[in-house]
Undergrad: 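Take a look at the following structure, please.
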Amino acid sequence: MEGIQIPDKIKRMLHSEYTTNQIGMSSASVLMFRDCVLKIQEIGDESRREAQIMEWLKGKLPVPEVLCYEEQGQKSYLLMSRVPGDMVCEGEYRENPERLTAVLAEGLHMLWQIDMADCRFDSSIEKKLQMAVRQVRLGLVDLDHVEPETFGEGGFQNPEELLDWLIQNKPEEEYVLSHGDFCLPNIFAENGRISGFIDLGRMGYADKYQDIALCYRSLKHNIEGKYGGMWESFDPDVLFDALKIKPDWDKVRYYILLDELF
Ligand SMILES: Nc1ncnc2c1ncn2[C@@H]1O[C@H](COP(=O)(O)OP(=O)(O)OP(=O)(O)O)[C@@H](O)[C@H]1O
Ligand SMILES: [Mg+2]
């Protein structure tokens, strides 16, 4: 583990070789051990929330178990169990869009049936907009990873204009448990059933469409081949058939636009 600082307490808990995971887009380093995973990231609300929410969800949903959480210097170290199964952007789901959408819909339904009475993790629009103001003010919006239509001709001129629009056009919210980054690499399945939700730093109460929108966008990206091309002629709208709801396209658009600022 040359070059990587790891708190002694965690070092003593590591007993196998590891590989480095390159999937995520964040600045997090993820080390994959035989039966556990060490996620190292900058200390912040998200890193703390990720560990706390895993504790809150213990026994309620398939999430990793927190084996140890430490902070040292500017970094947080989350040692967690490895969830079984495969990311749903891999394995059998790569070849089978119907199975993929069915399992994604199952995942969303599992989140929505969680009792939120004692959930203190706020992922509402108000909270996200407060964070977005900071993102915009500090110039932290990553313009290299946005949808092609968001900025420029026919879209917004810049992140400030988008932020204003989001503040002026807030939709009604109906709170459920939201994953917060419901994209294919963060959802695991095994034998056709959900086996794990990971990457939980943005989880909390929010409208259903927070997750529906990012799920839809992730499906669409996979279909269009952004991540290697899965199927030519699959229509991502079937997600709504699997969910048995009529799409609210305004909300889908709103939450995709909101996510552009993070
Ligand atoms: N507990 C776990 N069990 C199995 N695989 C994991 C686990 N945690 C992380 N991984 C693997 O590592 C990848 C990256 O981890 P994660 O999604 O937590 O980080 P990230 O995407 O970089 O985070 P961020 O949301 O901050 O961008 C996952 O897509 C998954 O393949
Ligand atoms: Mg991830």
Side-chain angles (χ1 to χ4, degrees), residues 4 6 10 13-14 16-58 61-69 71 74-94 100 103-104 107 111 121 123 128 131 135 140-142 144-146 178-190 193-204 206 210-211 213-215 217-219 221-222 226-228 255 258-262:
I4 307 177
I6 296 179
I10 293 191
M13 299 173 77
L14 302 171
S16 71
E17 296 290 303
Y18 72 91
T19 53
T20 311
N21 188 298
Q22 312 284 3
I23 299 280
M25 294 223 304
S26 72
S27 54
S29 307
V30 177
L31 308 185
M32 309 288 298
F33 294 85
R34 201 180 44 240
D35 19 62
C36 59
V37 176
L38 178 59
K39 184 169 178 177
I40 308 171
Q41 55 189 328
E42 293 289 314
I43 295 177
D45 288 349
E46 283 192 18
S47 70
R48 291 187 174 140
R49 180 181 288 205
E50 181 157 30
Q52 289 164 355
I53 212 140
M54 280 176 188
E55 297 285 1
W56 180 67
L57 282 174
K58 208 169 164 176
L61 279 181
V63 295
E65 182 186 346
V66 180
L67 304 174
C68 192
Y69 178 82
E71 294 182 352
Q74 310 289 321
K75 303 266 183 199
S76 73
Y77 299 80
L78 171 61
L79 183 66
M80 60 188 139
S81 61
R82 204 169 161 153
V83 297
D86 292 313
M87 295 184 285
V88 298
C89 48
E90 287 187 336
E92 56 177 310
Y93 304 99
R94 253 190 117 75
L100 172 60
V103 87
L104 289 169
L111 297 174
F121 304 99
S123 299
K128 296 215 82 162
M131 290 159 66
Q135 289 283 107
L140 297 175
V141 177
D142 179 3
D144 292 334
H145 290 106
V146 291
S178 155
H179 178 284
D181 191 12
F182 198 102
C183 60
L184 274 47
N186 291 337
I187 313 300
F188 278 63
E190 195 174 36
R193 308 303 302 267
I194 292 285
S195 58
F197 297 99
I198 61 157
D199 209 353
L200 308 177
R202 296 182 180 177
M203 196 173 235
Q210 170 68 53
D211 285 349
L214 300 199
C215 180
R217 183 185 68 185
S218 187
L219 253 181
H221 282 171
N222 278 276
K226 190 167 166 175
Y227 301 123
Y255 282 98
L258 179 59
D259 197 62
E260 300 287 41
L261 298 178
F262 292 91

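Owing to the predicted nature of the structure, the values given are computational and were not obtained by experimental measurement. Whatever order the structure lists ligands and atoms in, that order sets their numbers, starting from 1.
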Undergrad: Of Val83, Leu78, Val63, Val30, which has the heavy atom at the shortest distance from atom 14 (C) of ligand 1?
TA: Val30
Undergrad: Counting only heavy atoms, tell me which of Asp199, Asp35, Val37, Leu31 gets closest to atom 16 (P) of ligand 1.
TA: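 Among Asp199, Asp35, Val37, Leu31, the closest heavy atom to atom 16 (P) of ligand 1 comes from Asp199.
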Undergrad: Does the side chain of Tyr69 reach to within under 4.5 Å of the side chain of Glu50, using non-hydrogen atoms?
TA: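 No, side chains not in contact.
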Undergrad: Considering the heavy atoms of Asp181, write down every atom of ligand 1 situated less than 4.0 Å from one of them.
TA: 25 (O)
Undergrad: Within the 4.5 Å heavy-atom criterion, are Asp86 and Tyr93 side-chain neighbours or not?
TA: no
Undergrad: For ligand 1, which atoms, with element, lie under 4.0 Å from some heavy atom of Met80?
TA: 1 (N), 8 (N)
Undergrad: Can you find an N or O of Pro185 that's nearer than 3.5 Å to an N or O of ligand 1?
TA: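 Yes, Pro185 has an N/O under 3.5 Å of an N/O on ligand 1.
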Undergrad: Under 4.0 Å from any heavy atom of Pro64, which atoms of ligand 1 are there?
TA: 1 (N)
Undergrad: Which atoms from ligand 1 have a heavy atom of Arg82 less than 4.0 Å away?
TA: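 Per the distance check, 3 (N), 4 (C).
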Undergrad: For ligand 1, which atoms, with element, lie under 4.0 Å from some heavy atom of Asn186?
TA: 17 (O)
Undergrad: So do Ile198 and Lys39 actually touch side chain to side chain, heavy atoms under 4.5 Å?
TA: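 A side-chain contact is absent here, since even the closest heavy-atom pair is not under 4.5 Å.
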Undergrad: Can you find a heavy atom in the side chain of Ile194 that is under 4.5 Å from one in the side chain of Phe188?
TA: no
Undergrad: With a cutoff of 4.0 Å, is Arg202 in contact with ligand 1, counting heavy atoms of the residue only?
TA: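 No, that is not the case, since the closest heavy atom of the residue is not under 4.0 Å from the ligand.
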Undergrad: Listed by chain and number, what are the salt bridge (charged side-chain N to carboxylate O under 4.0 Å, His left out) partners of Glu65, not counting sequence neighbours?
TA: none
Undergrad: Any side-chain heavy atom of Gln41 within less than 4.5 Å of one from Lys75?
TA: no
Undergrad: For the Mg ion (ligand 2), find the closest N/O/S atom belonging to Asp199 and write down its atom name.
TA: OD2
Undergrad: Under 3.5 Å, is there a donor-acceptor pair between the side chain of Asp259 and the main chain of Tyr255?
TA: no
Undergrad: Taking the side chain as C-beta and beyond, is there a heavy-atom pair between Pro64 and Met54 under 4.5 Å?
TA: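 SC-SC contact between Pro64 and Met54 confirmed.
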Undergrad: Under 3.5 Å between some N or O of ligand 1 and some N or O of Lys39?
TA: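 Between Lys39 and ligand 1, an N or O pair is found under 3.5 Å apart.
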Undergrad: Kindly write out the residues that satisfy salt bridge (charged side-chain N to carboxylate O under 4.0 Å, His left out) with Glu46, not counting sequence neighbours, or none if the list is empty.
TA: Arg202
Undergrad: Mark up the atoms of ligand 1 that fall under 4.0 Å of a heavy atom belonging to Met87, in ascending order.
TA: 29 (O), 31 (O)
Undergrad: For ligand 1, is there an atom lying under 4.0 Å from some heavy atom of Ser81?
TA: yes
